[in-house]
Amino acid sequence: MERLLILSSDTGEGHNSAAQALGETALKAGWQVSVRKPLEESAAGYRSLGGIYNLLLTYRPGWVGMFAKSIELIKANEAEFFYGRVRTYIQRFIESEKPHAIVSVHPMLNHMIPRWILEQNLQIPCYTFVTDPFPPFWKGWASRYVTRYFVLTKEAGIRLADDGVEADRIERVSMPLRSGFHTRGLKEVADLRSGLDVEGETILVNGGARGGGRLRRLVQAVLEAAPTANILVVCGHNKRVRRSLDKLKERRLRTFGFVSDIHNLIGAADLVVTKPGALSTYETLASAVPAVLTAVGGLMPQESGLFRAASDHGFGFAVRTLDELGAVVRQGVAGWKAKHEAINRFYQPGSVPDLIDRIQPHRI
């Protein structure tokens with residue numbers, strides 16, 4: 001059985017969601033799958049960088065751009081200084097996994113491991129799935145050591161080409177999603193709401209795994225704009241903001257920590273308010289639920305393209321202020337449903353070749 005090694009990281013839960021989706025698909029296709037996180041496993045310095053990133057993601061997302069520029073300046077993902085210090089780890093890592101193919105879903109993992117494999121002439125193909133559908137995104141995605149790139153949009157392919165990746169190494173694919181994200185009928189929605197002890201108009205405010213951004217302010221704006229709606233809030237690992245929301249004693253408000261069944265919460269909602277992360281947005285679109293992409297509190301550079309695309313393609317609402325958020329929420333179900341046609345145009349599962357089908361294993 002061929003072994004597929006998927007490289008991910010905890011710096012942004014979307015990468016792990018993509019890795020899980022790819023793993024599920026690969027297992028069904030007959031692969032033996034391993035998901036590893038070299039940034040967190042390799043060296044204390046890289047773990048520290050990841051910790052800083054997650055702190056910014058939670059409390060200061062608008063500062064991530066400066067952090068990204070500093071990483072690109074020191075070339076932490078490819079510089080000879082860093083490569084020399086992790087080569088021994090990479091050797092142990094590859095020898096322990098013995099993969100027939102590798103897929104990276106993170107921009108920091110496209111240089112050193114594929115480079116070592118090339119230097120050792122191991123002939124293991126290294127693929128990269130670019131999780132960001134629209135530029136701008138991190139220059140670290142582009143690497144001369146990657147065998148082939150998979151992108152979601154024409155725009156992402158153009159950006160990679162501008163960064164030096166040959167066109168014949170770039171291929172369009174559909175977004176890999178975890179199981180459970182699909183359009184639901186009225187009865188299924190009603191059953192989900194019954195399980196959550198809510199009924200009628202329901203809005204999900206998704207703070208992601210980190211519960212980041214101005215989550216409390218977003219929730220308060222939604223409560224004020226929708227005085228009769230049920231509000232579900234995913235606070236992720238941010239216990240402080242969850243406690244703060246619970247203290248409101250609002251009967252229409254239900255809070256959750258980190259959840260593994262986010263597909264059920266999305267499926268129960270008429271509207272989802274979320275940051276413009278690629279996976280969280282596509283999971284919402286796959287469920288045929290209108291999304292409000294919010295830049296309140298700051299916008300990370302790699303999310304700005306998808307934020308603009310919500311308006312350009314019409315599949316969602318893009319808001320920069322709490323007043324804009326309130327205006328969207330006050331449109332009600334009828335106004336939100338007007339996005340369904342655009343959602344169906346933009347998100348078409350299976351319209352391009354599935355990613356796993358494009359991976360060719362090396363026979364070791």
For residues 311-324, run the donor-acceptor check on the side chains, cut-off 3.5 Å, and write out each pair with its distance to 0.1 Å, sequence neighbours left out.
| residue | atom | partner | partner atom | Å |
| --- | --- | --- | --- | --- |
| Thr321 | OG1 | Glu324 | N | 3.1 |
| Glu324 | OE1 | Arg320 | N | 2.6 |

Self-check item: Results of ring-ring contact (aromatic ring centres under 6.0 Å, His included) for His106 - residues two or more places apart only
Solution: His15

Self-check item: Residue pairs involving residues 113-126 (criterion side-chain hydrogen bond (donor to acceptor under 3.5 Å, both in side chains); sequence neighbours excluded)
Solution: Glu80-Arg115, Tyr83-Glu119, Arg115-Glu119, Asn121-Gln123

Self-check item: Heavy-atom side-chain proximity of Ile94 to Ile102 below 4.5 angstrom
Solution: yes

Quiz item: Got a sec: does the CD of Glu250 have more than 12 other heavy atoms crowding it under 6.0 Å?
Solution: yes

Exercise. Test Glu224 against Gln220 for side-chain hydrogen bond (donor to acceptor under 3.5 Å, both in side chains), laying out the working first.
Key: CA-CA 6 Å; Glu224 293 172 5; Gln220 289 177 320; over 6 Å; no

Quiz item: Among all residues two or more places apart in sequence or in another chain, which pass the salt bridge (Lys or Arg N to Asp or Glu O under 4.0 Å) test with Arg308?
Solution: none

Quiz item: Is a side-chain donor or acceptor of Tyr127 paired with a backbone partner of Gln360 at a separation under 3.5 angstrom?
Solution: yes

Exercise. Mind jotting down which residue pairs meet the side-chain hydrogen bond (donor to acceptor under 3.5 Å, both in side chains) criterion with at least one end in residues 326-338? Sequence neighbours excluded, please.
Key: none

Quiz item: Do the ring planes of Tyr282 and Phe346 sit parallel (below 30°), tilted (30 to 60°) or perpendicular (above 60°)?
Solution: tilted

Quiz prompt | Sidechain-backbone polar pair: Ser9 side chain, Thr11 backbone, donor-acceptor under 3.5 Å | solution = yes

Quiz item: Does the side-chain contact (heavy atoms from CB on, under 4.5 Å) test come out yes or no for Leu306 and Leu293, once each step is laid out?
Solution: CA-CA 9 Å; Leu306 185 56; Leu293 306 187; 4.3 Å; yes

Quiz item: Around Asp197, counting heavy atoms of other residues, nucleotides and ligands shown, do more than 12 lie under 6.0 Å from its CG?
Solution: no

Self-check item: 4.5 Å side-chain heavy-atom contact, Glu97 and Arg36
Solution: yes

Which atom pairs, donor and acceptor, lie under 3.5 Å between side-chain atoms of residues 253-266 and protein residues at least two apart or in another chain?
| residue | atom | partner | partner atom | Å |
| --- | --- | --- | --- | --- |
| Arg254 | NH1 | Leu196 | O | 2.4 |
| Thr255 | OG1 | Arg242 | NE | 3.1 |
| Thr255 | OG1 | Asp246 | OD1 | 2.7 |

Quiz item: Does Asn230 reach the main-chain N or O of Glu199 with its side chain, forming a donor-acceptor pair under 3.5 Å?
Solution: yes

Practice problem: On the 0 to 90° scale, with breaks at 30° and 60°, tag the Trp141-Phe137 ring pair as parallel, tilted or perpendicular. | Solution: perpendicular

